Amino acid sequence: MQTQQQRRTSNIPRPAPIPIPEPISVGNPDSMTSSGEGPSSTSTTNSALAGVSAELIQHISTGLHSHSSSISPTSPKETNNLLGDGSDTPRSHSSPRGASTLPRPRSAVETTSSSTLPGGNGFGIQYDAINNRPHSSADAWGVRPPSVYSASNDGTHLGPNSRSQSPSADSMLRVSSVPRSRSSNFINTPSPLNPNALPLPRRPGSTMSRPPSMVLYRLAGIGDDFNPQMSSLSPPVTTNSRRASRFSTLSSANSSVFGDSKYPVPAGEDGMLTPPPSGAFLAYEYDPSLDLELPDDAEDVLHNPDPPGKKDPVGSFTFRGLCNILMVVLIPLILITLFVLYPVISYFDSNARSSFVAGTDHGTNPQGGNSPTVSTTRGPDDLIDPDTPDSAKTWSSSVNGDAYKLVFSDEFKLEGRTFGTDQDPFWEAVDLHDAKNRDLNYYQPEQVTTQGGHLVITLEERTTNGLQYVSGMLQSWNKFCFTGGYVEVGVSLPGSGTVGGFNTQAYTMGNLARSGYPASEEGIYPYSYNACDDAILAQQNGAAGSTLPAQRLSGCTCPIERTRGNHPGPTGAQYLTGRGSPHIDILGHAFDTGEAGVVSQGFRVAPMTPGLVVNDGQSIQSAGDSKLNTYLGNDKAQIVSALTNIPAGSYSSGGAQFTSFGYEHVPNADDQSQAALHFMRGGTSEMYRVTGASVPADGAALEQRLISNEPMYIVLGLALSQVFAAVDTSQLTFPAKLMVDYVRVYQRDGQDSKIGCNPTDFPTKDYIEKHSRAYSDSSLTTWADAGYDTPTNAWVDGC
């Protein structure tokens with residue numbers, strides 16, 4: 001115990017290196033005879049081995065690690081103790097330090113007894129002193145020629161050319177030709193990470209050096225080398241195994257130079273090894289050149305260099321290189337598609353339809369919807385134009401004195417606004433021909449813009465899509481709608497008050513029909529009826545001279561049709577609620593009166609009273625400025641209206657001054673006959689009043705028509721229309737311009753705003769989206785042309 005403690009704590013400095021002696025051979029202890037090297041006994045043999053090993057270790061420690069003395073594992077005293085002589089006296093060395101540079105023999109091999117190195121069976125084991133290891137199959141130069149000195153059982157020395165005389169595999173380690181290690185340049189360089197590497201002499205005429213083996217350390221496991229079944233590491237094997245040097249443990253510290261100087265493994269008097277303490281380091285030999293003949297490990301391909309001659313020529317294309325190039329191109333394209341193209345495509349694919357299909361839903365969000373803007377700095381939430389003067393943000397009704405608050409305005413002050421598809425949060429200029437009004441002009445978005453702080457719609461003589469004239473129509477359909485309240489526009493009219501012909505349009509319509517799209521209007525415009533009788537049938541079943549198609553969304557529609565998406569709802573007491581798209585003129589053409597300087601204010605409705613008679617429910621409120629219109633409609637609509645004078649200065653020829661026109665809608669859900677429209681000029685002066693009593697029930701075949709609670713959108717336009725009267729274009733001057741100073745919408749103060757095109761009590765969104773083709777293709781003239789079926793109803797089909 002004392003000796004072992006001394007060996008672990010000795011700090012005696014290392015002496016100068018000694019030259020490596022010639023190889024010796026030591027026979028089997030049982031048959032060894034004296035040869036001048038020592039007595040013929042085991043102790044003598046071990047003593048001789050110790051001398052050689054001490055010289056070897058001293059040479060390795062001092063000659064190779066002179067620059068890393070802290071790494072050296074032994075001192076002379078520790079060396080003696082390690083080798084088992086128990087002496088505290090350092091061995092003397094006759095060779096000076098410089099002797100380490102002298103040529104050394106190519107190989108030196110010694111043998112030990114079977115009790116000191118594994119692999120015994122009574123035979124001697126070779127030891128390669130130069131390579132600082134038991135001789136293994138890695139002894140070759142490039143393709144290694146044999147350089148092993150060996151000894152037989154009887155002590156006979158075997159030279160380098162005596163391999164055929166070597167003992168069996170159990171007594172001698174095999175020698176094989178193994179290709180030179182690819183990593184020998186690393187291994188041959190001594191360093192703190194590779195302290196056991198030896199610089200080896202080169203073969204004459206060769207620049208290559210022989211790869212040495214290395215001594216590595218690992219922690220001893222429980223029962224390591226003593227009870228392999230209990231060890232977590234692979235059991236040690238003899239070095240004649242192909243991978244023996246990687247895992248085998250050279251356990252005899254008494255006779256092996258590979259015994260760990262820090263944690264030696266002692267042997268008893270009987271030569272039996274004692275278990276190492278837990279956590280002890282065990283040395284094992286590793287020869288990297290052995291790996292070359294074995295299949296690659298899984299990780300070898302990660303760091304194996306390409307063999308010579310297999311590198312791809314510079315400039316050649318390989319599959320891997322092509323993949324790299326494709327990925328470099330593909331990844332940016334994916335990112336561009338994801339963050340640039342996809343938003344743009346989604347915008348035009350879905351949001352482009354939102355302006356005429358999904359709409360800006362101000363109803364669910366009172367402050368606005370989600371339509372984008374291009375031509376104005378306002379967003380969809382900015383319902384009130386910041387250019388609106390404070391004085392215009394409230395309005396007082398001259399009828400009942402009720403105070404109104406501003407809920408929407410557009411002052412058109414921003415220069416150069418455009419109104420094409422999806423270019424504005426509230427408006428869209430259409431691109432179509434309105435055949436139902438027999439217009440002589442085509443409508444194009446380019447004809448609508450803002451100039452000088454006003455909205456300008458220009459009608460000019462220019463052949464477009466087969467028509468001689470081109471003009472513009474601006475709609476807020478499915479973008480901005482309101483239910484009830486007061487709407488007002490400030491306008492300057494084209495032409496003069498003495499020559500008629502221009503059809504100035506400023507009106508509102510129910511959102512379920514889109515003006516200028518006949519398929520969407522069929523059976524909807526201008527119906528405002530919620531009953532189940534003959535009036536819902538085509539041509540009102542022959543009454544009143546009507547040529548209207550049947551009401552598509554009647555008050556006796558079967559409830560199942562809402563489930564099918566063929567009716568927007570809501571559900572009534574028994575059937576679905578009758579829906580339509582009434583038309584209310586803020587100002588319109590003075591129909592067939594032969595008068596100039598007047599506009600029509602009123603509303604259009606269906607079904608029609610037989611003979612279009614209006615007996616009650618309308619009145620002139622400003623005599624001299626307004627009068628009842630004698631034109632009562634046609635076979636397509638009943639018109640209840642009045643003619644209101646226009647100041648001469650409101651025409652472009654009279655100074656292009658702006659005059660305001662508007663109407664106040666006062667709903668009455670409890671009694672539709674008492675719902676009223678108050679038509680205004682100049683903002684405060686009521687010109688004409690009409691109530692639901694003007695379109696009352698007429699017998700069993702016609703019920704009360706409604707001044708509807710449908711969500712209404714705004715239309716502004718200028719046309720040459722022949723539906724009511726012939727147009728003498730020779731009397732007109734082109735280009736003609738309708739200018740709009742502002743559009744404002746007010747609703748009663750103290751009440752929730754009723755804005756939005758999809759209110760919960762009169763929804764439109766889902767229905768429009770389901771039948772979007774009828775709302776997006778103006779060339780379709782009927783609902784069937786769009787590919788849709790008319791919903792069933794109890795009056796015709798039964799439910």
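Remember, predicted model here, so these are calculated numbers, not experimental data.
By the ring pair (Phe, Tyr, Trp, His ring centres under 6.0 Å) test, His567 pairs with no residue at all, sequence neighbours left out. Legend: residues meeting side chain to side chain donor-acceptor pair (under 3.5 Å) with Tyr746, ordered by chain and number and at least two apart, are absent. In this structure, Thr577 has no side chain to side chain donor-acceptor pair (under 3.5 Å) partners at least two apart in sequence or on a different chain. In terms of the salt bridge (Lys or Arg N to Asp or Glu O under 4.0 Å) criterion, residue partners of Arg689 (sequence neighbours excluded) are, by chain and number, Glu686. Considering only residues two or more places apart in sequence or on other chains, Phe482 meets the ring pair (Phe, Tyr, Trp, His ring centres under 6.0 Å) condition with none of them. For Tyr788, the ring pair (Phe, Tyr, Trp, His ring centres under 6.0 Å) test picks out His771, Trp783, with sequence neighbours left out.
Annotation: side chain of Leu587 is not in contact with side chain of Tyr507 (no heavy-atom distance under 4.5 Å).
Salt-bridge annotation for Asp385 and Lys413: absent, with no side-chain N of the basic residue lying under 4.0 Å from a carboxylate O of the acidic one. In this structure, Glu521 pairs ionically with Lys436, as a charged nitrogen and a carboxylate oxygen lie closer than 4.0 Å. Asp410 has no carboxylate O lying under 4.0 Å from a charged side-chain N of Arg744, or vice versa, which leaves the two without a salt bridge. Using a 4.0 Å cut-off between charged nitrogen and carboxylate oxygen, Arg462 and Glu460 count as a salt-bridge pair.
Distance alone, capped at 3.5 Å, places no donor-acceptor pair between the Ser626 side chain and the Ile620 backbone. Distance alone, capped at 3.5 Å, places no donor-acceptor pair between the Ser528 side chain and the Pro582 backbone. Judged purely by atom type and a 3.5 angstrom limit, Tyr342 has no side-chain atom pairing as donor or acceptor with the backbone of Ile336. Remark: side-chain polar atoms of Arg562 are not paired, donor with acceptor, to backbone N or O of Leu576 under 3.5 angstrom. Using a distance-only test at 3.5 Å, with no hydrogens or angles considered, no donor-acceptor pair links the side chain of Asp785 to the main chain of Leu780.
You'll find the ring centres of Phe412 and Tyr742 outside the 6.0 Å limit.
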